[in-house]
Amino acid sequence: MYTQALDTHGREPVPAPAADGSEAAARFQARIDAEEKIEPKDWMPDAYRQTLIRQISQHAHSEIVGMLPEGNWITRAPTLRRKAVLIAKVQDEGGHGMYLYSAAETLGISRAQMLEQLLSGAAKYSSIFNYPTLTWADVGAIGWLVDGAAIMNQIPICRCSYGPYARAMVRICKEESFHQRQGFEIMLRLAQGSPAQRVMAQDALDRWWWPSIMMFGPSDADSKHTAQSMRWKIKRFSNDELRQKFIDITVPQARFLGLTIPDPALRWDEALQHFVIGPIDWNEFHAVLKGNGPCNRERLEARRAAHEAGAWVRAAAAAHAVKQAVRERAGSAGQARQA
Amino acid sequence: MTDATRDPSTADWPLFEVFIRSRSGLEHKHVGSLHAADARMAVEHARDVYTRRQEGVSIWVVRSVDIVASDPEEADALFEPARDKVYRHPTFYAIPDEVKNL
């Protein structure tokens with residue numbers, strides 16, 4: 001659900017495109033140009049592999065960390081229905097992380113390595129999850145705006161040149177639509193509710209609007225990976241193109257809710273046939289990416305605590321597996337499963 | 001597997017490939033992979049990861065290391081024998097239009 005233009009802010013330097021101009025590299029690019037999919041065992045330039053490992057693992061981390069801000073409200077959901085929906089949504093995010101980790105593993109990185117990168121703080125994840133969920137309306141705003149922005153980013157990745165990533169993304173996009181709709185429904189209910197509920201909805205929009213806009217990553221002028229990713233057909237649209245699409249569909253939705261977008265400069269441009277927004281505060285974006293957002297430390301601490309608290313479960317499962325294997329070898333009831 | 005016994009809390013569990021039959025009458029189809037300590041856990045995880053919306057009526061899991069695959073580098077040679085045998089397709093044969101039911 002939750003990629004932001006993740007390829008645009010890796011810590012590592014831009015991977016140099018295969019400088020060898022070798023026959024293999026030319027053949028590879030020809031396959032990409034012909035819209036062929038690349039599969040795990042196919043030859044690929046190392047820079048393509050590294051770019052994908054970085055992007056897919058960051059995407060996976062985002063799904064996992066993304067469970068935290070919403071999980072915060074599971075115990076306090078206002079009704080049993082909302083609670084069941086929120087649990088299902090958070091479980092989906094966990095599932096999305098699993099699909100993506102599997103896809104990244106086909107490129108030669110292990111799950112343990114990726115987990116280590118996340119827990120040590122070396123890996124990036126979507127900056128949006130470093131903002132707090134202060135009220136119930138935030139759960140609505142996340143579904144509506146954050147999942148909405150994620151869908152906008154992710155639909156083109158369904159046609160990504162790397163087969164396993166594209167397939168994972170098809171599955172994810174299918175599941176994503178309910179996330180956005182349940183969020184909008186929460187906002188709608190609040191917007192039609194008491195004055196206090198309307199204030200709460202507006203407050204959530206005020207806090208989530210700009211971070212959602214920033215999810216699309218730096219503007220095209222500053223986006224260092226875009227051109228190569230486009231040539232490799234990992235990326236199909238630029239950050240600014242996707243951001244504009246999101247703005248154009250979301251502004252009317254906010255108006256339907258009777259809420260105000262927190263941007264005094266926002267206007268409809270008749271000539272462009274687009275909504276034009278005011279300047280984005282990129283200092284905030286870079287500060288959050290660097291680890292200075294409101295919740296960066298809290299998120300990583302929560303992940304580490306969960307990992308450590310689960311150690312005994314993993315140890316027990318591994319010990320059980322060994323015991324079962326020994327018993328099966330000894331000839332006791334090792335039941336073959338047949339479908 | 002041996003890694004998992006050496007350091008059970010940090011090493012990766014074995015990788016399994018997951019195949020799902022979406023409804024009876026259809027074949028099992030590869031849907032993805034996951035890690036699990038053993039085959040039984042792999043089936044349970046596959047249910048949670050790949051069938052949260054009733055996508056299946058049956059699950060197969062196979063250890064990824066047990067899969068033997070053809071080599072993409074040798075695909076040309078491997079599949080070459082079928083390439084010049086267009087006569088295996090019905091469209092190879094020219095039949096006059098007047099002849100029906102062929």
Side-chain angles (χ1 to χ4, degrees), chain A residues 24 38-44 87-89 91-92 94-106 109-116 119 164 167-168 170-171 174-175 178 307-326 328 334-339, chain B residues 1-22 24 26-53 55-64 67 69-76:
Chain A
I38 306 303
E39 294 295 341
K41 288 186 169 175
D42 294 348
W43 185 89
M44 62 186 85
I87 290 172
K89 180 180 190 295
Q91 192 189 13
D92 270 358
H96 296 176
M98 296 302 112
Y99 308 151
L100 289 161
Y101 281 131
S102 290
E105 282 177 84
T106 63
I109 188 170
S110 75
R111 184 79 57 109
Q113 273 174 288
M114 288 187 277
L115 204 58
E116 165 57 26
L119 296 179
R167 289 192 289 274
V170 168
R171 193 175 287 280
K174 267 189 207 162
E175 300 183 348
F178 120 67
H307 188 70
E308 281 158 23
W312 72 271
V313 179
R314 294 190 296 278
H320 180 73
V322 170
K323 194 171 76 181
Q324 290 300 113
V326 169
E328 268 181 40
Q335 241 186 355
R337 281 166 185 263
Q338 282 189 349
Chain B
M1 190 60 181
T2 44
D3 283 344
T5 50
R6 218 174 17 246
D7 188 357
S9 73
T10 56
D12 279 338
W13 285 332
L15 191 64
F16 289 82
E17 300 300 320
V18 180
F19 300 81
I20 306 262
R21 185 201 294 284
S22 55
S24 63
L26 296 179
E27 64 277 64
H28 285 76
K29 203 176 150 196
H30 184 243
V31 294
S33 57
L34 48 75
H35 291 276
D38 57 31
R40 196 173 134 194
M41 185 196 270
V43 169
E44 285 166 5
H45 282 185
R47 180 203 57 189
D48 292 342
V49 177
Y50 293 105
T51 66
R52 287 193 302 283
R53 288 170 178 77
E55 288 94 338
V57 295
S58 166
I59 297 171
W60 286 351
V61 295
V62 182
R63 277 176 192 266
S64 307
I67 289 184
S70 64
D71 181 354
E73 299 287 318
E74 289 166 12
D76 280 352

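Numbered from 1 within each chain, the chains take letters A, B, ... in sequence-line order.
Between the side chain of Tyr99(A) and the backbone N or O of Tyr50(B) there is no donor-acceptor pair closer than 3.5 Å. In this structure, the side chain of Ser33(B) does not engage the main chain of Ser102(A) through any donor-acceptor pair within 3.5 Å.
Rounding to the nearest 0.5 Å gives a distance of 7.5 Å between CH2 of Trp13(B) and CZ of Arg314(A). To the nearest 0.5 angstrom, Arg111(A) atom CZ is 4.0 Å from His35(B) atom NE2.
The greatest number of non-hydrogen atom pairs below 4.5 Å with chain B, out of Glu39(A), Met98(A), Glu175(A), Gln324(A), is found for Glu175(A). Of the residues considered (His320(A), Gln91(A), Arg167(A)), Gln91(A) shows the highest number of contacts with chain B, using heavy-atom pairs under 4.5 Å.
Screening residues 26-35 of chain B for salt bridge (Lys or Arg N to Asp or Glu O under 4.0 Å), with sequence neighbours left out, gives no hits.
Taking every heavy atom of both residues into account, Ala69(B) and Lys41(A) meet most closely at CB-NZ, 3.6 Å. What you find for Ala317(A) and Ala37(B) is that their closest heavy atoms are O-CB, 3.6 Å.
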- Output, in order, the C-alpha distance, side-chain angles, deciding distance and verdict of side-chain contact (heavy atoms from CB on, under 4.5 Å) for Arg53(B) and Asp92(A). CA-CA 10 Å; Arg53(B) 288 170 178 77; Asp92(A) 270 358; 2.4 Å; yes

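A salt bridge is absent between Lys323(A) and Asp38(B); no separation between the charged side-chain nitrogens and carboxylate oxygens falls under 4.0 Å.
Interface residue Arg171(A): only side-chain heavy atoms are found under 4.5 Å from chain B.
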